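Below is one structure, written out as structure tokens; the observations come after it.
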Amino acid sequence: MTIIDQLTRIYPSILLQKPKNRKEAAKFQWFTTEDGDLVGIDKAALHDKEADLLSIFLTPINERHGEPTREAQWRQILKGQDKAPDFHPPRAFRFLIFSIKDTTPDKESIQEAFQSLFPEEVPILWKNNREGMIIEEVFQENQELLTLEGIPDILMSDLYTDIRFYVSDTETHIQDARTVFLWSERAAAIAADYHLGPVVSSIEILPYLFLDSLNREDWNYMKRTVFSDMDEEKELLDTIRVFLESGSNTTLAAKKLYMHRNSLQYRVDKFIERTGLDVKKFEVAVPVYLALLQMEQ
């Protein structure tokens, strides 16, 4: 008779696989056998002395720093250590790195608000009282990811604080988790440095990566080359930025700026005449746009 058979006779409610619902899983004390099998015993049927005895021939999976096991497992993986015991990787995952403007709401209220956004509990790893990361895991083939559009406004109305998110790409290989995590942390820091929107994706970060790699000397030379004595022309520079963000589409840019198409065309021509930079050409538009982003920092 195997150990699992013996345990099943003593604890009829024993589980050999964790429920996907974390609240249900939390009702059980989890162990691994010498063969690496997972067993869960109902905490209500398990006394302290029994747990101590079971620990002699079973390895308990304990909570770490007060976190549920799933969070502790993810921390181990993101540190580049060997895969955590009993870690069942999701089909796919992505990181939602968040930053909170102030600490007025207590941590528990924020955690509860985050969890309410998802149909199942998700791992939440805190870096400090203002920063952390939600790990959105995909276990079902047709499972939909959370749409974050409008979420910061909802949280603002509930918690009365500004919360911003950087959303990583969705990944399918757990062995790449640490690489994606480190990249996401850097991207989130760049988003904060440049005061980007409340929800930022990896695509939106791309232009700022080039800016972030420029040292001050390079940037000063670029500014002198591109804008030469145009520091006071804020309205004109804003027009050129919107024009370039609109794919150099004069009609679209004019709508965004609430101005007549001919007036916008006049400003574009004025910029070209003053700087000698034809922003209608792609190879010119790219460095000009990057320089405009840098000036907004």
Side-chain angles (χ1 to χ4, degrees), residues 1-79 81-96 98 105-127 129 132-146 155 158-159 174 177:
M1 183 180 293
T2 66
I3 290 177
I4 292 179
D5 290 334
Q6 294 178 51
L7 290 172
T8 303
R9 292 180 62 183
I10 302 171
Y11 304 103
S13 60
I14 191 171
L15 295 183
L16 304 182
Q17 185 174 358
K18 275 195 175 182
K20 291 177 182 177
N21 187 305
R22 290 183 58 201
K23 286 185 178 179
E24 188 65 27
K27 295 178 182 178
F28 290 77
Q29 172 64 56
W30 295 92
F31 302 87
T32 54
T33 68
E34 290 183 356
D35 296 328
D37 296 318
L38 176 70
V39 295
I41 300 176
D42 191 338
K43 291 179 179 178
L46 189 64
H47 301 294
D48 291 341
K49 289 184 178 180
E50 292 178 23
D52 291 339
L53 288 172
L54 289 173
S55 298
I56 296 175
F57 57 92
L58 297 175
T59 302
I61 301 174
N62 295 317
E63 295 186 349
R64 176 177 158 189
H65 303 306
E67 295 179 326
T69 302
R70 193 68 177 176
E71 272 86 349
Q73 292 170 333
W74 268 108
R75 283 192 186 278
Q76 188 171 334
I77 289 168
L78 296 178
K79 286 181 179 179
Q81 300 173 3
D82 293 337
K83 191 171 74 170
D86 183 41
F87 183 82
H88 300 287
R91 287 172 174 262
F93 61 92
R94 66 175 181 173
F95 301 134
L96 313 180
F98 61 84
D106 61 88
K107 201 170 177 179
E108 289 73 20
S109 297
I110 295 171
Q111 179 118 353
E112 184 178 342
F114 285 161
Q115 292 289 3
S116 69
L117 301 173
F118 301 89
E120 299 286 347
E121 287 195 57
V122 293
I124 300 178
L125 308 185
W126 288 86
K127 184 176 181 180
N129 287 334
M133 177 174 68
I134 301 168
I135 304 176
E136 188 173 9
E137 301 174 299
V138 176
F139 289 100
Q140 305 299 326
E141 186 173 354
N142 298 320
Q143 182 177 330
E144 294 184 3
L145 294 171
L146 176 69
L155 294 173
D158 290 342
L159 301 171
I174 198 67

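Note that the structure is predicted; figures quoted are calculated from it, not measured.
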**Request:** Evaluate the side-chain contact (heavy atoms from CB on, under 4.5 Å) criterion for residues Leu96 and Arg94: first the C-alpha distance (whole Å), next the side-chain angles of each, then the deciding distance (0.1 Å), finally the verdict.
**Result:** CA-CA 7 Å; Leu96 313 180; Arg94 66 175 181 173; 3.8 Å; yes

Is there side-chain contact between [X] and [Y], with at least one heavy-atom pair below 4.5 Å?
| X | Y | value |
| --- | --- | --- |
| Ile41 | Phe31 | yes |
| Ile110 | Trp126 | yes |
| Leu46 | Tyr11 | yes |
| Arg91 | Glu141 | yes |

Say you draw a straight line from [atom1] of [X] to [atom2] of [Y]; how long is it, rounded to the nearest 0.5 Å?
| X | Y | atom1 | atom2 | answer |
| --- | --- | --- | --- | --- |
| Phe98 | Leu155 | CZ | CG | 10.5 Å |
| Ile135 | Leu78 | CD1 | CG | 5.5 Å |
| His88 | Gln73 | NE2 | CD | 8.0 Å |
| Leu146 | Leu117 | CG | CG | 6.0 Å |
| Gln76 | Glu71 | CD | CD | 14.0 Å |

Suppose we screen for side-chain hydrogen bond (donor to acceptor under 3.5 Å, both in side chains). Which residues come up paired with [X], at least two apart in sequence or across chains?
| X | result |
| --- | --- |
| Glu112 | none |
| Glu137 | Arg70, Trp74 |
| Ser109 | Asp106 |

**Prompt:** When you measure from the side chain of Gln29 to the backbone N and O of Lys43, does any donor-acceptor pair fall under 3.5 Å?
**Reply:**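 Not a single qualifying donor-acceptor pair exists.
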
With sequence neighbours left out, what residues match [X] under side-chain contact (heavy atoms from CB on, under 4.5 Å)?
| X | answer |
| --- | --- |
| Asp158 | Ile154 |
| Ile10 | none |
| Leu15 | Pro19, Phe28, Trp30 |

**Request:** Can you see which heavy atom on Ala177 is nearest to which on Phe95, and at what distance?
**Result:**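 Shortest heavy-atom contact: O-CE1, 3.6 Å.
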
